[in-house]
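Structure record follows, encoded as structure tokens.
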Amino acid sequence: MMKTCMKKHSFKPGRHAWLVTIAAVLLYGGTVAAADLSVCIDKSSPIAAVDARLAHAVARHEGVMLRIHVFDGSGDDEGFALKEFNKLTHNSCSLVLGFPVDTDSHNVPPGLLATSPYGHTGFVLVTPRSSKASTLAQLPNDSDVAVTYLTTPNLYFADHPNVQADVHLTEISALSALEKHRVSAAMLWQPTVIRYLASRHETARFSYHELDEPHARFNLVALYDSDHAAAAAMFQRTIVTMSDSGELAQLLAPYAQAGEARPFRRGAAAMLRRSNSSNRNGHSCSARKSAHKRKALPALFTVAQADNGKQKYKENCAMCHGPALEGRAGPALTGANFASPQSKFSVSDIFAILTQNMPSTAPASLGHVDYVEIMAFMLQQNGYPAGKKALSYDEAMRSKVPLVYREH
Ligand code: HEC
């Protein structure tokens, strides 16, 4: 128990800690000039291969030589040697890739800086594909859920009396209990799950779901020290380019998603989502039904409004939510993860967030017309049709039309 609590605050979420035991240097291209990129990659991480691909892509974009320093970040139960990171950034490389930062605590090793997130991942609920549950609360009473010793998901059972822990020493053992139907689900580190399932050609048999629990979501960042600010700036610049072109998402898939994870239950949107799910069941059913039956969606805005909104979105929102609304420093504003039937958003819910909280750096700073046109553009990007009648500010504020993403 003592150890579990301690691990809650660990910097690396898995059972292994970041203790550097072996270091090997792979040299790409001889002598390293000042402009070259040198990165450290943890070979014990399930996303080590992804980090290496990412490093190569960044070097290619920038036209610089790449040097990869491989270290072994797996430790023992004694924990993690954070000072090893300072050594790495001091002696071996300018950037340590693939460092997971808990979105609820934002911890990075003392003395080091972090780039802005380039991807996100976390602990997921893995279930057989046939299971209807996508959250802990939806699992039937008395369900056994596999977890690994000393990892954060051990803490989630306290809030969910319907499930009980089946604690394993290794991830492999937890996954094999799931494969053999000895447990109903497992809560594990997503990249490990993906790698395991892929290696056994079992991907099709299981689903995994993001856990809406504290300390379950992590952003992937590169660590650096203040001497390497230039390398960090180069890395960040290239990440933005690669994110715009879709290259980043491709590189990270299926081990992680591009962009930044949403913080756990923070901010107006998350609060809304929670209160909606407890209070408005009627509404949620109709939202779900319309998504499934593909009932015709109402035309709420005109093409001209959406066109104007596109430009205004670009000027005021794209820097945080991505040029294609795919999410960046702010969450995605289109797609199944934004407007899913489960999130039970109505047009007025979203419009209230827009007008009261956005842009987050200058809330409520735009004019009524601007917000309405941006809303029209967002509806369009979520699959809603344009029509003859323009959307007004008051209508947007009142509209109970469910906002459910539909492919278009
Ligand atoms: C400086 C960065 C930034 C800018 C600029 C910005 N946003 Fe946001 N936005 C965020 C962040 C961060 C969140 C998540 C807030 C939270 O819930 O904690 C967010 C949340 C949202 C949400 C709620 C989404 C959800 O699923 O929770 C909407 C809708 C939204 N923004 C729309 C906009 C629009 C439209 C604009 C332009 C007028 C805009 N934002 C500009 C950072 C930004």
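Remember, it's 1-based here, ligands and their atoms both numbered in the order they're listed. Since the model is a prediction, treat every value here as computed from it, not as a measurement.
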Original post:
Any N/O/S atom of N357 sitting less than 2.8 Å from atom 8 (Fe) of ligand 1, backbone or side chain?
Top reply: no
Subject >> Step-by-step ring pair (Phe, Tyr, Trp, His ring centres under 6.0 Å) determination, Y393 to F351 >> reply: CA-CA 9 Å; Y393 187 87; F351 196 63; 5.3 Å; yes
**OP:** List every atom of ligand 1 that sits less than 4.0 Å from any heavy atom of C317, numbering the atoms from 1 in the order shown and giving each element.
**Re:** 34 (C), 35 (C), 36 (C), 37 (C), 38 (C), 39 (C), 41 (C)
Original post:
Under 3.5 Å, is there a donor-acceptor pair between the H368 and D370 side chains?
Top reply: no
In a table with atom names and distances, give each donor-acceptor pair under 3.5 Å that connects a side chain of residues 227-236 to protein atoms at least two apart or in another chain.
unit_1	atom_1	unit_2	atom_2	d
H228	ND1	D225	OD1	2.9
Q236	OE1	S116	N	2.6
Q236	OE1	S116	OG	3.4

Original post:
Which of the atoms in ligand 1, numbered in the order shown and given with their element, are less than 4.0 Å from a heavy-atom of L354?
Top reply: 29 (C), 32 (C), 35 (C)
**OP:** Could you list the atoms of ligand 1 found under 4.0 angstrom from a heavy atom of I374?
**Re:** 35 (C), 38 (C)
Original post:
Do H209 and S134 meet the criterion of a side-chain donor-acceptor pair at a distance under 3.5 Å?
Top reply: no
**OP:** Using only heavy-atom distances, determine whether the side chains of S44 and D42 contain a donor-acceptor pair under 3.5 Å.
**Re:** yes
**OP:** Could you pull out, from K312, H321, K314, the option with a heavy atom nearest to atom 40 (N) of ligand 1?
**Re:** H321
**OP:** Heavy-atom contacts with P359 under 4.0 Å: which atoms of ligand 1 show up? List them by number with element.
**Re:** 5 (C), 6 (C), 41 (C)
**OP:** Identify, with sequence neighbours excluded, every residue that meets ring-ring contact (aromatic ring centres under 6.0 Å, His included) alongside F157.
**Re:** none
Subject >> For N316, the ligand 1 atoms whose distance to one of its heavy atoms is below 4.0 Å >> reply: 5 (C), 37 (C), 41 (C)
